[in-house]
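It should be emphasised that the depicted structure is a prediction, and the values quoted were computed from it without experimental measurement. Only heavy atoms go into these numbers, but all of them, side chains included; no hydrogens, no water, no symmetry mates.
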Amino acid sequence: MNDPIRVFDRRRVARHRDRAAAGLDAHGFLFETIGERLADRLDDVRRRFPLALDLGCHDGILRRLIGDRGGIETLIQSDLSERFARASSMPDAPALVADEEALPFAAGTFDLVLSNLSLHWVNDLPGALLQIRHALKPDGLFLATLFGSETLGELRWSLLAAESALSGGAHQRVAPFADLRDAAGLLQRAGFALPVADSDTITVTYENAFRLMADLRGMGEQSPLLDAPRGLASRRLFAEAARHYAERHADPDGRIRATFRVVFLTGWAPHESQQKPLRPGSAQARLAEALDTEERPAGDKARPR
């Protein structure tokens, strides 16, 4: 298999999470909000999942939110950050340090794999999804959330505008995220049955751009780009970015808006009992009749009536 393109510095991701571990309670509201929505989707599945994995567990937020949902008897937690793994570990929910890019689990281990806002920092997302599917038992369920494209678009634009104004050029300082249009295809490519991808948008307001950037650091979600400019960005750059941000993305009350686009992924490990798509041409009724319209061969143009 060819090596994937490396965009993110995984060691930097781990360092960011390690630094955020002690103070996540003050900054982890997005993990809680999205984790609750993920747990609600588990409620919609009329199944029990005795052995489950929380992949990218942070400090155990998802464990606390899920409780006894889904009939989970044993929850294994894992995170790239050792400090998060230590903070989340409980007697009934042990935790280990594990990299989503190289999972240490045997094939067919879990009934359920959950991941809440962690997979967007993976370089080889198709490869990670393939490993997750292998780790599931047949007919096992995968539920995940990750940040998608359009996330932090306001901050991305403000930093580019500021650096361009100050130096005449600009570097990418906000990481790229997966596109919803590609997400379901990635699940299918990884071998998941019945793949579904959908999204939700959450808008958070802040006093100013500095408050937003402090929250991102507190969550361990600052950019880990490999080709980020060396050295710390200047205070002048951030001040200029904050000015651009306030001019273009502030509400009438002066607070700035930050957009987070969240992609939800659902897929099942294949099993013979699952519903199969119908053979082409096997339908018992014509679509044109259901839509009360006229059917024409492909390529024919509609004629005016």
Side-chain angles (χ1 to χ4, degrees), residues 7-9 12-35 37 58-59 61 81 84 116-121 145-180 199-263:
V7 177
F8 307 122
D9 184 337
R12 191 177 298 176
V13 174
R15 287 197 301 270
H16 290 168
R17 292 190 177 193
D18 279 342
R19 292 168 185 163
L24 190 64
D25 286 347
H27 302 278
F29 66 95
L30 271 178
F31 297 140
E32 293 184 3
T33 299
I34 303 306
R37 298 183 188 186
H58 299 96
D59 69 346
I61 288 177
S81 161
F84 269 150
N116 184 38
L117 296 180
S118 183
L119 290 172
H120 48 270
W121 295 137
T145 63
L146 63 157
F147 286 130
S149 60
E150 301 176 34
T151 293
L152 296 175
E154 303 94 343
L155 180 60
R156 177 181 290 106
W157 177 87
S158 299
L159 285 167
L160 289 173
E163 193 166 12
S164 179
L166 293 174
S167 65
H171 298 89
Q172 181 70 268
R173 294 180 182 272
V174 177
F177 297 111
D179 194 304
L180 174 64
S199 69
D200 199 0
T201 300
I202 295 177
T203 302
V204 184
T205 64
Y206 288 90
E207 181 182 346
N208 53 53
F210 295 107
R211 293 287 188 183
L212 165 61
M213 289 184 276
D215 233 5
L216 294 175
R217 288 193 299 272
M219 290 189 288
E221 291 295 308
Q222 63 267 56
S223 176
L225 289 170
L226 270 172
D227 60 353
R230 297 296 180 184
L232 296 175
S234 69
R235 292 183 180 181
R236 186 183 176 198
L237 171 64
F238 285 128
E240 183 72 4
R243 184 183 68 80
H244 280 281
Y245 207 131
E247 287 181 353
R248 183 162 176 172
H249 301 291
D251 290 332
D253 62 1
R255 293 178 66 84
I256 62 158
R257 301 182 303 277
T259 299
F260 296 88
R261 184 76 176 272
V262 182
V263 176

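Note that the CG atom of L216 and the CG atom of L152 stand 5.5 Å from one another [nearest 0.5 Å]. Of the inter-residue distances, the one linking D200 atom CG with L180 atom CG reads 11.0 Å to the nearest 0.5 angstrom. Rounding to the nearest 0.5 Å places OG of S223 at 8.0 Å from NE2 of H16. Taken to the nearest 0.5 Å, the OG atom of S118 stands 5.5 Å off from the NE2 atom of H58. In this structure, L226 CG and F8 CZ are separated by 9.0 Å, a value rounded to the nearest 0.5 Å.
Contact between L24 and M219 at its shortest, heavy atoms only, is CD1-CA, 3.9 Å. Nearest heavy-atom pair, A241 versus S158, reported as atom, atom and distance to 0.1 Å: O-CB, 3.5 Å. Closest approach of A20 and G220 over heavy atoms only: CB-N, 3.5 Å. The heavy-atom pair separating L117 from R17 by the smallest distance is O-NH2, 4.3 Å. Across all their heavy atoms, L166 and L237 have their closest contact at CD1-CA, 3.7 Å. Nearest approach of R255 to T205, heavy atoms of both residues: NH2-O, 2.9 Å.
In this structure, F260 has its ring center under 6.0 Å from that of F147. Aromatic ring centres of H249 and W157 lie closer together than 6.0 Å.
Judged by distance alone, the side chain of R217 and the main-chain N or O of Q222 form no donor-acceptor pair under 3.5 Å. When atom types are taken as modelled, the side chain of S164 and the backbone of L160 share no donor-acceptor pair closer than 3.5 angstrom. Proximity of a side-chain donor or acceptor of D251 to a complementary backbone N or O of D253 within less than 3.5 Å is not detected. In this structure, Y245 contributes its side chain and R257 its backbone to a donor-acceptor pair below 3.5 Å.
Residue-environment remark: CZ (R211) stays at or below the threshold of 12 foreign heavy atoms within 6.0 Å.
A salt bridge between R236 and E240 is absent, with no side-chain N of the basic residue lying under 4.0 Å from a carboxylate O of the acidic one.
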List the steps and the verdict of side-chain contact (heavy atoms from CB on, under 4.5 Å) for L30 and D215.
CA-CA 10 Å; L30 271 178; D215 233 5; over 6 Å; no
Might you work through the side-chain contact (heavy atoms from CB on, under 4.5 Å) test for L146 and W121, ending with a clear yes or no?
CA-CA 9 Å; L146 63 157; W121 295 137; over 6 Å; no
Start with the C-alpha gap between F31 and D59, add the side-chain angles, then the distance that decides, and say whether side-chain contact (heavy atoms from CB on, under 4.5 Å) holds.
CA-CA 10 Å; F31 297 140; D59 69 346; over 6 Å; no
Starting from the C-alpha separation in whole Å, work towards a yes-or-no answer on side-chain contact (heavy atoms from CB on, under 4.5 Å) for E154 and I256.
CA-CA 9 Å; E154 303 94 343; I256 62 158; over 6 Å; no
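Contact annotation: the side chain of L212 never approaches that of V204 to less than 4.5 Å [non-hydrogen atoms, C-beta and beyond].
A donor atom on one side chain and an acceptor atom on the other are found under 3.5 Å apart for R261 and S199. Using modelled atom types and a 3.5 Å distance limit, the side chains of E221 and H120 yield a donor-acceptor pair.
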